[in-house]
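Heads up, the thing below is written out as structure tokens.
Model, not experiment: these values are computed from the prediction.
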Amino acid sequence: MPIEPSWIRQGDPQARGVIVMQSADRKTSSGFWSCTSGEFIWQFAWDEFIYLLEGEVAVTEPDGKTYILKAGNIAHFPLGMQTTWHVIQPVKKFFVIRTTEALSL
């Protein structure tokens, strides 16, 4: 689950992820994602709920509002939302996503 190179704004963030479970219709999936330090744009192509397991990240919305997420925090990002992620300390998250179409592994 690499970051689109044109979205990277600072550093060399390296992202990895794995889907570990899916619903029968493959529209709900869950898994783990990690990323090293850096800054990038992220456009959500699905509804996503996260639980941050490790690290620290500043997530900024287009209106400039910034949220600091640390281990133990949860968040929801709706389909279509664009954010800027500044990974301060490498992060690992558990996610649940809901897609409009079946997601192939």
Value rounded to 0.5 Å, distance of CD in Glu101 from CG in Asp25: 10.5 Å
Inter-residue atom distance Ile50.CD1 - Ile97.CD1, 0.5 Å rounding: 12.5 Å
Nearest heavy atoms of Met1 and Gly17, plus distance in Å: SD-CA, 3.7 Å
Reported CD-to-CD1 distance for the pair Glu56 and Ile68, which is rounded to 0.5 angstrom: 6.0 Å
Greater than 12 external heavy atoms within 6.0 Å of Glu4's CD: yes
Heavy atoms of other groups near Leu79 CG, more than 12 under 6.0 Å: yes
Residues which pass salt bridge (charged side-chain N to carboxylate O under 4.0 Å, His left out) with Glu48, listed by chain and number, not counting sequence neighbours: Lys93
Beyond-backbone contact of Val87 with Pro13, side-chain heavy atoms, under 4.5 angstrom: no
Sequence neighbours excluded, every pair satisfying side-chain hydrogen bond (donor to acceptor under 3.5 Å, both in side chains) that has a member inside residues 77-87: Thr83-Trp85
Ring pair (Phe, Tyr, Trp, His ring centres under 6.0 Å) partners of Phe32, counting only residues at least two apart: Phe94
Donor-acceptor contact below 3.5 Å, side chain Ser23 vs main chain Thr28: yes
Gly80 to Gln43 - nearest heavy-atom pair and separation: O-NE2, 2.6 Å
Heavy-atom check, side chain of Tyr67 versus side chain of Glu61, under 4.5 Å: yes
Minimum heavy-atom distance between Gln14 and Asp12, given as atom pair plus value: NE2-OD1, 2.8 Å
Side chains of Ile19 and Leu103 in contact at under 4.5 Å (non-hydrogen atoms): yes
Verify same cluster id: Trp42, Ile88 (apolar side-chain graph, 4.5 Å): no
Distance (rounded to the nearest 0.5 Å) between Leu52 CG and Ile74 CD1: 11.5 Å
Side chain proximity check, Tyr51 to Val96, heavy atoms < 4.5 angstrom: no
Euclidean distance, Trp33 CH2 relative to Leu53 CG, rounded to 0.5 Å: 12.5 Å
Heavy-atom check, side chain of Val57 versus side chain of Cys35, under 4.5 Å: no
Minimum side-chain heavy-atom gap Ser37-Pro90 below 4.5 Å: yes
Ile8 with Phe44, same ILVMFWY side-chain cluster at under 4.5 Å: yes
CD1-CZ distance between Ile3 and Arg16, expressed to the nearest 0.5 angstrom: 11.0 Å
Minimum-distance pair of heavy atoms, taken over all atoms of Ala102 and Lys27: N-CG, 4.0 Å
